[in-house]
Structure formats: C-alpha cells, structure tokens
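Reviewing the structure listed below.
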Protein chains: 2
Amino acid sequence: MKIVIDAFGGDNAPKEIVEGAVIALEKHADLEIILCGDKDKISALLAGRGAGRVKIEHAPDVITNDDTPTEAIRKKENSSLVRSFDILKNNDDVVAFVSAGSTGAILTGAIMKIGRIKGISRPALAPILPTKLPGRDVLLIDSGANVDCKPINLVHFALMGSAYYSILYGDENPRVALLSNGTEEHKGNELTREAYPLLKASSVNFIGNTEAREYMSGTIDVMVAEGFNGNVLLKGVEGAVGAVLSLMKRSIKAHFWSKIGALFMRKTFKELKGRMDVLGKHGGSPFLGCKKLVMKNHGSSSRYNIAASVDQAILLHEQKLIEKIEKALEVTNAAD
Amino acid sequence: MKIVIDAFGGDNAPKEIVEGAVIALEKHADLEIILCGDKDKISALLAGRGAGRVKIEHAPDVITNDDTPTEAIRKKENSSLVRSFDILKNNDDVVAFVSAGSTGAILTGAIMKIGRIKGISRPALAPILPTKLPGRDVLLIDSGANVDCKPINLVHFALMGSAYYSILYGDENPRVALLSNGTEEHKGNELTREAYPLLKASSVNFIGNTEAREYMSGTIDVMVAEGFNGNVLLKGVEGAVGAVLSLMKRSIKAHFWSKIGALFMRKTFKELKGRMDVLGKHGGSPFLGCKKLVMKNHGSSSRYNIAASVDQAILLHEQKLIEKIEKALEVTNAAD
C-alpha cells in the first residue's frame, strides 16, 4: 500500500513529518511512503532510514497560510502540496494523502485536484472530541468548512459522519443527532426544520434534535451541524475548556493549600489532558466526501500525530470508507 | 418606586420568591412591591413582614412550562403572570416586573402585553458569563430567543447589549464583537457579512468579527450573535464546562492521591464555582427591547437570585436603560 505525505506542511515540517513517516514505516511492513518536498533536506533527515520503501518526490516550493488557496493550488505546481495531490490523483495504488499544511489549501486542492464523490456537493471535516463518559467520543460534522448549507448537505454530513464513525469505533449503528436550539421536532431554524424529516427518512440512526449542551454528554456519536454552527460549537467548547483550566490555574497559584493539593492531583490533571487530546490520538481528520482519502492534520502536529494519521488512513482504506459513503448515498437516493 | 413580582413563577415558588421580595424590601427603603398570586398563600408566607410596602394582587391561576405561551397569555387572565403584566402595563409608577416563570410565556407576554421599543422588531435575552480574566464578564446577545435573524436585528442586538453592559459595568464604551467563523471581514456567512458594515457604521464600539474561541477570553464585552448561533455558543459552553468538571470528578474519585489533593484544593473549587455563577450574581436578565423592564430569572432561582434581580431592575431603571436604547436607536437611524 502506498501513501503520499506532504513533508513541508505544518509548523514542525519537515523534521517531524519525516520522523512520523519513519515511525509509520516501522509499524506497517507492507507500507510504502512517498515524501514530497525538497529532496536534499528530506534525504538528510531520513539518513538512510526506510530505504527501499520511501520515495522522495522533489518539490522545492512551499504553500503557506499566507497564500490564497485557489491561486496557490493553480500556480504553485512545484509545491509539496500540489505535487502530493498530483501523485494521489495519477496513481491508483497511492491510496491516501497526509498533510499538516494550510487547511484552506488542502481543502481547495482536494476539491480541485481529486474531486468529490458523485452526489456530494459539500465535503466536510469531522473532528472528534471526548465526552464525559469513559471510552465514548463524539464526532462533529461539519466543523466549519461549509457555511450557508442546504438541508441536503446536512443529510450528506450525517451519512458521511456515520460511515466514518462506524469504522473508527467499530459501531455499525452510531447515534446521529442534529444540532438545534431545542429537542422538539418543530424547534430550530428554517434549515434544521427542513433537514429534520430528510434525516428521519435517511438510512442513518437519527435520534432527533439535540441542544449544544448535550454535545459532550456521551449520548450522541455523530453531531450533524451546518458548518457555521459547527464552528461555533467546536471553538466555543475549546475556548470554554481553556477558560476553566485557566481560572483554575490562577486560583491554584493564589492559594498556598491549593498549590499543595495540585501536587497531589498530578495524575488527575494528566488524565484530563490525555482525555481531551482525542484529535492527537487519531492524528488527523479525513476530508469526507473526496474521491480519495485526504487526511488533514493539525498544523502543530508532532511525529506521533503524523504516524497516527497514517494509521488512520490505512484503517479507512482497508475498511473502505469511500465505498461505504457511496453505498449510503445510493440507499438514501433510492429511497427518495 | 414600585416593582411587580410573579410570586408563582419558577421551581421554588412561592416561598423563595416571597423571601426574595422581603430581602429586597429590607435593602431598598423606598421600594414597594406588588406580589401576584394566591392571596392566602402569599399572606401566610409574609406573616406580616413588609407591612405597608407590600401589596398582594390575588391571581389564583398559574402558567407552567407545559402551557403553550401564546394561548396561556391570551386565556389565563387570572394567572400570576398575566396579572403581573397587566399591572406593569397599566401603572406608570410600576417600573419593572420580575419573574422566574416559563421563559416562553414571559417573552410572549412581554411582547403581547407590554410591546416593543419602536424600531426594535426582535427583543432579546442577554445572559452574562465569566471570562478567564478576573473582574471581566461577557454578555451574549441574542442567546436563543430569535432564530433566522436579519442583519438589522444584529445591529439592534449590538445597541441594546452595549447600553445594558455599560450600565451594569459602568463602562461607557464596551467592546462589541460579531460572532463569526473567522476574524477577517470577508469571513462568516451571508448574514454576518451583511451585518458587518452595518455594525461598523453604527454608534457602538465595534471591534470586528470574533471566533467562538474568544468568547471567554476577556477581550470582548458584548458578543453579538444570531439567536440560533448564540444558543449553540451558550449551551455548548455550559456543556463543555460541565463535561470537564465531570471528567475531573471521576478521575479524583479513581485515584487515592487525587482525593487527598482535592481536599486541599477546596478553596479553588469554591472560587471556580463562584466565578462561574455570574448569572446568580445578577439574578436575572432583562428582556431587552421591551417598552418596560421585564426581568427573566432562571427557573431554579433562590431568594437571593430574586433579590438580586430586583437590585438590577432598580439600577436599570435609575440609569434609564430603555431611554438609552431609544437614544442609541435614534443615533443609528439618523446616520443611515
């Protein structure tokens, strides 16, 4: 199996990306990796490791967050990102692409170079967060790639999120909820009220409207949201968690006995940190709705995040994520 | 000054409501209170306290969360809520109304019985949350009363929220931000992109688009949001804070040393709890955009929350909140 990696995407590129590739190669004996980027620099970092199973594709240019995505994809042909997409597109045996580069450029490149699954007009990113129940995580789709969605887009999010979750957690019937401002069917805005019956009629296990409060309650597996709302939810949660921990830190610093207590509680703080880092565990998120697997990693990804993203790409390929989405789409369309 | 209170609204009615009224009377020497509800029950609870400064308006009926708001306001003429609205409406010297009853019925009653400030089509609720900075709170408007807003509604939210915040915190120039999915002017959805230039041209101190992540950062005083989005933000934050504390509790229980540490950290946990309870401090939220002051208290309000809500009503009356909103509206309309 072959996977292409953008060695020059992300804050810690190229070192951490190359190291991540090496870890992945050690773990998966039948894996081959193509690293895109400056040949000399990648060679120096590899220092002979992965010989025979790594190919370097020379691409001296780099796309940064300052580039306009559409323009960069069109004009920076020799960038590590565009070259990666070309390799993914032109080689049937290359099954996935991993990058920690600019989100905008990756999404634009995925649509322009790889294309969408037939019937899906809006591909989406689906990050995963912990819930308050042990061992239960929750997926959010869409988290911000798509604003001003139509009802049918939400149905597609449900199908794609459900297929992705079922592979990741081995759960064939994940509970899918629609983000709204109340639980009753008549609650919500125009968009959610129109999407509700469509979701009910679709092939997913739709459990109805849910308030944002339930997001991390462990009673939902796939939270479907219009992209703007999903973005508000995801970032609002991030900010709130940060604010609580920051208030706590400040208070601990201010009180002698709290400082002592905090020393005893190290294990709990560590556990909490580990539980919050679900994204780190999975490495990256696939851009759902693309014809091939495009894994978007966080810009600050470490070698372990890159390796985890490769692990996930292999799993999603072996479990046929894209075929699963196509199948779900057929079933739903046939029911119309 | 006279204030009318719905003695039979909320989970802890009538006891806590009546006790709250007594506390308020003790604090404000020139205050008179009209308590609406079952006369005998209120009399028994008062047991002679507040004599000469409390009037009881007999209203034997009660509106609950199970009632349909519009129908209840129309038909339950003898309910404590409807009678309260009638008193507020028909008496110029009654300056405010406080209730911990059904949100839907209060909002509906406020619009049907009291009416909106001229020019405001969508009154709004504006709850307050703590930020991670000491002494800085943040107001969110709208938090869910209004879905599918138009750009002009967001401008009105900004004006009303700004006027309210400036009175509550003695800050004449609060920083107003627009909730979006990115900070740049071109970011957002159709609604926020249209609202942006209107906010820029308005009389408020508009600091631009803000991501949900910044909500509790202390860099924003008034967060303007379309109601559906505001609801997602507020409830998402509530849920996230609850989830973090729940994960922490579970971990503390599971580890011996963490349990010991938690004992030492009591002061910090108490401080955190106090900081999170900004709403309790203020008692209730005014329904902004109404012709008179209608204070909505949380259903679970205690006597102290009711008394705090009366405090707030007196402050907002003395500082002329409604005139301030009318004035801001004139200035903005004149600039058009």
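Given the structure is predicted, the values throughout are model-derived calculations rather than measurements.
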Heavy-atom pairs under 4.5 Å with chain B are the metric here; pick the option from [options] that has the most.
{"options": "A:L133, A:V244, A:L191, A:N181", "result": "A:N181"}
{"options": "A:N189, A:L263, A:V147", "result": "A:N189"}
{"options": "A:G188, A:S217, A:G144, A:A254", "result": "A:G188"}

*Do the side-chain N and O atoms of B:N209 and B:T192 include a donor-acceptor pair separated by under 3.5 angstrom?*
no
_Could you check whether A:Y169 and A:D137, counting side-chain N and O atoms only, form a donor-acceptor pair closer than 3.5 Å?_
yes
*Structural part of B:F269 lying under 4.5 Å from a heavy atom of chain A*: side chain
Quiz: residues 224-240 of chain B side-chain donor-acceptor pairs under 3.5 angstrom, not counting sequence neighbours:
residue : atom : partner : partner atom : Å
B:E226  : OE1  : B:F228  : N            : 3.0
B:E226  : OE1  : B:N229  : N            : 3.1
B:E226  : OE1  : B:N229  : ND2          : 3.4
B:E226  : OE2  : B:D148  : N            : 2.7
B:N231  : ND2  : B:S143  : O            : 3.2
B:K235  : NZ   : A:E211  : OE1          : 3.4
B:K235  : NZ   : A:E211  : OE2          : 3.0
B:E238  : OE1  : A:R213  : NE           : 2.9
B:E238  : OE1  : A:R213  : NH2          : 3.0

Under 4.5 Å from any heavy atom of chain B, what part of [X] do you find: side chain, backbone, both or neither?
{"X": "A:E190", "result": "both"}
{"X": "A:R266", "result": "neither"}
{"X": "A:L179", "result": "both"}
{"X": "A:T268", "result": "both"}

*Please work out whether the ring planes of B:Y196 and B:F206 are parallel, tilted or perpendicular, with thresholds of 30° and 60°.*
perpendicular
*Nearest-0.5 Å distance, CD of residue A:E194 to CG of residue A:L199*: 12.0 Å
*Electrostatic pair A:E185-A:K200, nearest N-O below 4.0 angstrom*: yes
